[in-house]
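Numbered from 1 within each chain, the chains take letters A, B, ... in sequence-line order.
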Amino acid sequence: MGRLNWDALPFYSWVAFTGALVTVGGGLLVVALILYKGWTRKLWTDWLTTVDHKKIGIMYIVLAMVMLLRGFIDALMMRAQQAIAMGNEGYLPPEHFDQIFSSHGTIMIFFMAMPFLTGLINYVMPLQIGARDVAFPFLNAVSFFMTAAGAVLMLLSLVIGVFSTAGWTGYPPYSGAQYSPGVGVDYWIWSVMISGIGTTLSGVNFVTTIMTQRAPGMRLMQMPMFVWTALCSSILMVFAFPALTVVTMMLALDRTFGFHFFTNAAGGNQMQYANLFWMWGHPEVYILILPAFGVFSEVVSVFSSKRLFGYVSMVWATMAIAVLSFTVWLHHFFTMGSSANVNAAFGIATMIIAIPTGVKVFDWLFTMYRGRIRITSPMLWTMGFMVTFGIGGMTGVLLAIPAADYVMHNTTFLVAHFHNMLVPGALFGFFAGYMYWFPKAFGFQLSEVWGKRAFWFWFTGFYCAFMPLYALGFMGMSRRMEHYDVATWQPYLIFACFGAVLVLLGIICLGIQLWVSVRDRVALADTTGDPWDGRTLEWATSSPPPEYNFAHIPDVSDLDAFYEMKQTARTAPAPYEDIHLPASSVYAPLMGVAAAIFGFAVIWWIWWLAALSLAALVALTIARNVTGEPHVTIHAAEVAKIEGART
Amino acid sequence: MRNRTLAFAKRSASWALGFSFTLLSGCSFLSSPVIDAKGPVAIAQRDLMFTALGMMLVLVIPVIVLTIVFAVKYRADKGAKYTPMWDNSHLIETICWTVPAILVVILGVMVWNSTHALDPYKPLASDQEPLRVDVISLDWKYLFLYPDQDIGAVNELVFPVNRPLELHMTSGTVMTALMIPTLGGQIYAMGGMETELNLMAHEEGSFMGRNTMFSGDGFSAMSFEARSVSDTAFDAWVAAAKSQGSELDMARFQELAKPTQDVAPEVYADIPDTLFKTVIYNLGGASMGMADPNAHTNMGAMPGDGEGVSAQDTSAYETDGVAPPDAQGTATAPATQSAAPHSPDTTD
Ligand code: HEM
Ligand SMILES: [Cu+2]
Ligand SMILES: [Cu+2]
């Protein structure tokens, strides 16, 4: 079958074998649990075939959490290797170490951060704008299963064959067929491309939803800040992701069919890859961070019990960041030999983004000013972000100075910088959102004690793990080093490994938090629907919200719509009406399966299977379109019953 | 009582100082290549960085301090002043936008000036003629060619102190990046292209140089020793290379180009005049027998593909003594970037 034979199974090294064992074992454990509990039917009808944005959002976040574990194990392995490998080979041979940094970066960006933020947007945004679902509920499910198909391919590379060693950026010519024969880079290409298509569709869906599904009365300038950041992030998805799809497709053509877009020989131009990749790549970092900014804005206002300071400024700042993010991609390769004029122009453009970003930080600060601050776990993540983000912003501006970048590029200083943005900037925001909206989604709160413990471990762990890397950058350590022979680096790397262990404790606390909260769910129950004294519409529904979100679509006249509702007397409810909702559909999961099989077949050159699965994908799309848009109706009497049950 | 407190304060201060000093000196951060720079380029880059850092700290430190102060002062149970509906202030907003903007304008001017002053392609000011070295990155070693001295060296870059070093770089393999942190910053080396980096050392010494761009299994150990020496020592080194080194002919080069790790430094007495240009013309790796045979079998030999054509071309240049096309002439060669990427019209 194509290139696939028994050698692809990981019996050639203990590292590969253990990885495969853990992956397969984990998968089997989950399947066993589902069978044992008899959840199969429920899983299929209630979850996998659903088109409800809330359930899809939850599935995204579950996917993100699982991939976070995998990505973090990778990180821990690298930290351990570098702590040991001074003057020796450590415990990981290069071919493993190189796969690990590649899979860590790929997983964290594409299969941890992206699903996490897409999940949060999915769950929260329609509730915040007073909508019953996203604009295209079925498409939403398709997006999710495309992302999941990519993640499955990613995990599969651990069991069958190998993963790429070309880093999360996959620069040719190294990633070309000549220097990276085999399936590794193909796994990277197809998992990224398939999930990227899902992301593009999500972007289209979210933009349409925000533009067309807002509750009556909600003007653009009355949308909650999280909706604004979701909108900007989605616009970036729509415009940036096609560049990634194209560039990975071109690389695939190079590798599989002997094209020469990026090869050393035959007229290929490797520099063009860098351009195309970062034309997506830079907007991508804002896709990741803007929704987190949105979460911080919500959290800081709610837990300061105060209106968000400088809302208009914030909106303009967010828009400015989104637009400017397309003008700076060259800062990722100042060292490629562009002229001073070009480098200087892109350096200055990059710094300009610091202005709106700085404005946002000041606005959060002044939201806290003269507030009544409740230090809850979401607020802790937010404040942890605020004190740490400045450091990352500063080192980012340093890297935007071309002449400084010449010495800092490709060193651990750069690694420290982008983790400084991605961990406190994006991930802390996602955790804040997770803890903030969890009671809404499940009807009970998460344990605050364990949430705070998780925060302190993550926070201190982050500093211990990444501050040494800034210093190591000055000391001349390159990124992606499997071993080294400079003795003075080692203490720093051991310290960084200690930091990663602290983060591990943070992750364990997150697990315990979930466990004890589920156990104590009755005591932690949220009966009001509004456990935090919220200000926006999602808190106006019950926790968890009914399938239809709102019995009456709310009328909005202020930014803090729900806060305003709480201040003014409620008018007597109008009589309930029948509510029509899109019916669940088997097509989306089937399309996901077909996409995963297609990816697998192309990676292994099993062309008949590729043709078959592609045909299935097309057939499913057509079949779905001819069956139309089936609906279910929830009758007024039933709505009245559900609403009546709310205390 | 007061004396006791003072003594304690003094003692703990000296402890803290001592501790941080041991930490810093023990871990030799201050003597790290970038801080303890030894050449005009690196010194300028370092100073630029710390100037910019200082300017940004003016903004970042208040943010950090204010976050903590506000969190403490306005905690719900403190009963501090509370203005739940206050959400706007033109004064504060104006400051929020203008202060970062002013900072960025100042930094922007710095960026413009420093980028031009420290352009890696710009010849360094000196009363001495620059020493030209052509660098070819291979898997996983560096080959340094001294065209004016007609010698070559592997994994060892020797040059006179206080004389500008003009590195012309290309790659015989994947994209790499050469950096000598003590002397200054890196530029990529790419197959089929020529890039340039100008550096200089103010002091004699031995510095670490390495490839910073991941390039495969042997990447971690792809480093070399950069030695700045006195003029006489440099002449002696050249003379020694001439008398003791072997000749680097095309066959040996092909051998050298094969992937190997931890290659010991070696010198060559004689190098082919055209080697550097030939490698650029032939787009590096493809011609050097490094291709995995499986990788191209599904396509067969393609016209213009390095594998099929360039090996012959190489020998043709060798035997016929025909110089490969120079930067202008390459326009006729289908497989070649016709100009160094530096020229704005090709890169950007
Ligand atoms: C919090 C715990 C984390 C730890 C300890 C960690 C550790 C590491 C390490 C050791 C590397 C390799 C550095 C090198 O090249 O020398 C790395 C690379 C990377 N990490 Fe993380 N990381 C963490 C979280 C994250 C997160 C949350 C993200 C993204 C959202 C992320 C994205 C990346 C990327 C993109 C790379 C570059 C991979 C490459 O070189 O191709 N990391 N990380
Ligand atoms: Cu960028
Ligand atoms: Cu180039």
Nearest 0.5 Å, please: how far is [atom2] in [Y] from [atom1] in [X]?
{"X": "B:Ile35", "Y": "A:Met475", "atom1": "CD1", "atom2": "CE", "answer": "10.0 Å"}
{"X": "B:Trp112", "Y": "A:Ile348", "atom1": "CH2", "atom2": "CD1", "answer": "6.5 Å"}
{"X": "A:Asn343", "Y": "B:His116", "atom1": "CG", "atom2": "NE2", "answer": "9.5 Å"}

When [options] are compared by non-hydrogen pairs under 4.5 Å with chain A, the top option:
{"options": "B:Ala221, B:Gly108, B:Gly79", "answer": "B:Gly108"}
{"options": "B:Ile92, B:Leu107, B:Leu57", "answer": "B:Ile92"}
{"options": "B:Ala76, B:Pro100, B:Pro62, B:Ala42", "answer": "B:Ala76"}
{"options": "B:Lys81, B:Lys122, B:Lys73", "answer": "B:Lys81"}

Heavy-atom distance under 4.5 Å to chain B: side chain of [X], backbone, both or neither?
{"X": "A:Ser304", "value": "backbone"}
{"X": "A:Tyr563", "value": "side chain"}
{"X": "A:Ala487", "value": "neither"}
{"X": "A:Phe101", "value": "side chain"}
{"X": "A:Leu365", "value": "both"}
{"X": "A:Tyr484", "value": "neither"}

Heavy-atom check, side chain of B:Phe219 versus side chain of A:Met481, under 4.5 Å | yes
Test item: [X] side-chain N/O and [Y] main-chain N/O as donor-acceptor pair under 3.5 Å:
{"X": "B:Tyr188", "Y": "A:Met271", "answer": "no"}
{"X": "B:Gln186", "Y": "A:His409", "answer": "yes"}
{"X": "A:Asn264", "Y": "B:Gly192", "answer": "no"}
{"X": "B:Thr67", "Y": "A:Val387", "answer": "no"}

Begin from the C-alpha positions of B:Val63 and A:Phe362 and carry the test side-chain contact (heavy atoms from CB on, under 4.5 Å) through to its verdict.
-> CA-CA 8 Å; B:Val63 168; A:Phe362 285 123; 3.7 Å; yes
Go through A:Gly310, A:Gly347, A:Gly358 and name the one with the most non-hydrogen pairs under 4.5 angstrom from chain B.
-> A:Gly310
Chain B contacts, top residue of A:Thr165, A:Val486, A:Asn341 (heavy-atom pairs, under 4.5 Å) = A:Asn341
Parallel, tilted or perpendicular, as decided by the 30° and 60° cut-offs, for the rings of A:Tyr369 and B:Trp86 | perpendicular
